[in-house]
Amino acid sequence: RDTGGKYFDNIAEPEAINKEIQGLTGAYYVLGYYIDEKWDGKFHRIRVGAKRRDCRVLGQTGYFNPKPFSEYSANEKFFHLIDLALSDKSHLQEASDLPVLVLPYEIKEKIALFIMAKLPPERIEEMGGAKEEFITLVFNNQNDVVALLRKEIGKRPPPGADVFISSSVQLPSGKYECRVVLRDMTTGKGARGSSHITAPEESQSGLILFPFLLLKSGTGSSIPEDEGGTRNETKGVRLSDVYPFDRAKYCPVIGTVERTNLSLFALVRCQVAGPIRPEISFSGYASYASSGEKTAVSTRVINSTNQEGALIYFLEFATGELKPGQWSLHISVEEAHSKQRVTTRRDFLVE
């Protein structure tokens with residue numbers, strides 16, 4: 001009643017209730033009028049009536065003026081965050097989209113997810129404040145929240161730089177949806193994104209190949225590392241710990257690649273069970289989504305490292321100039337002793 005609605009208490013008569021609901025919602029008017037919007041948070045009552053005596057009007061009883069985000073209570077800020085993260089169309093704030101990449105990997109015989117979002121320069125300008133918070137929510141296949149991570153980012157990147165922000169969390173094998181929100185802590189402006197991933201089983205036998213991190217040549221990228229605000233099972237795990245590369249020369253590919261990039265690079269994590277020193281070889285090709293055509297690419301191993309049982313290879317793929325459109329880079333890994341061969345791929349858009 002306070003919000004202009006109607007409460008049905010007699011649940012033993014669903015047919016009668018349904019008939020009344022159909023009658024109430026079967027005909028309606030949408031009324032619009034100009035208001036003098038002020039950022040004071042005050043409530044304004046609305047009264048709508050009909051001249052006919054036998055008519056009864058049901059409608060919204062009023063509205064609140066917006067107020068500055070800095071004046072939100074803790075609960076209001078939390079609901080604002082949930083609305084940003086979960087709603088396909090946020091009711092409280094216009095939100096920008098963020099490209100998101102999720103990579104599963106194994107650390108100390110436990111499966112973890114590395115979640116990274118790309119914030120383009122224009123999004124940084126839209127945020128406008130001096131400090132942002134980065135929130136990661138992970139849902140299982142039952143839509144239950146299994147992880148909620150938060151960190152504050154106080155360092156502003158240099159002008160014109162893409163920003164890559166990340167979190168890491170250990171989870172059992174299964175299917176997950178990862179949603180991220182970047183929110184300005186002063187203005188409340190936000191950006192969000194999501195991605196689905198399947199975390200593999202732990203401690204598989206034979207050759208294990210994890211999804212690879214795709215890189216392109218280029219400088220000017222800023223990748224803030226953890227600054228102490230993240231609370232999760234893999235606290236302190238940074239991008240450079242899982243996928244080490246020279247950030248002055250390369251930056252991650254999340255979504256798009258410029259047509260001028262004639263070479264792509266990849267950091268491939270794999271593991272081989274058993275006492276024999278593995279002999280790994282690589283091959284690859286690029287496929288064009290619209291036609292299915294395949295383009296051969298030459299593969300070169302730049303270097304390799306052994307990190308807590310994981311073999312990390314830094315590869316270069318000479319692709320030549322790829323025409324605009326959706327592409328996939330396929331990487332095959334073969335172990336010489338077992339003859340086992342596994343393949344994985346990454347999709348990207350050439351602009």
With side-chain contact (heavy atoms from CB on, under 4.5 Å) as the test, would you mind laying out the steps for Thr136 and Val169 before giving the verdict? CA-CA 10 Å; Thr136 304; Val169 60; over 6 Å; no
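Heavy atoms only, all atoms of each residue included: Gly284 and Val297 are closest at O-CG2, 3.2 Å. The minimum heavy-atom distance linking Pro172 with Ala199 is given by the pair O-CB, 4.1 Å.
The residues Glu293 and Lys323 are annotated as salt-bridged, a charged nitrogen and a carboxylate oxygen being separated by less than 4.0 angstrom.
Note that CH2 of Trp327 is 12.5 Å distant from CG of Asp347, once rounded to the nearest 0.5 Å. The CG atom of Leu264 lies 5.0 Å from the OG1 atom of Thr319; values are rounded to the nearest 0.5 Å.
The backbone N or O of Ser166 lies less than 3.5 Å from a partner atom in the side chain of Lys151, making a donor-acceptor pair. Arg346 contributes no side-chain N or O that, together with a main-chain N or O of Ala266, makes up a donor-acceptor pair within less than 3.5 Å. Side chain of Arg269 to main chain of Ala310: no donor-acceptor pair is present (N/O by atom type, distance under 3.5 Å, no hydrogens or angles). Glu335 contributes a side-chain N or O that, together with a main-chain N or O of Glu279, makes up a donor-acceptor pair within less than 3.5 Å. For the pair Gln340 (side chain) and Leu207 (backbone), a donor-acceptor distance under 3.5 Å is present.
Tested against Asp54, the residues Lys51, Arg56, Arg52 include a single salt bridge (charged side-chain N to carboxylate O under 4.0 Å, His left out) partner, Arg52. The only option from Thr344, Ile111, Ile312 that meets the side-chain contact (heavy atoms from CB on, under 4.5 Å) definition with Phe210 turns out to be Ile111.
One side chain, Ser287 or His330, offers a donor N or O that lies under 3.5 Å from an acceptor on the other.
A centroid separation of less than 6.0 Å is found between the aromatic rings of Phe314 and Tyr250.
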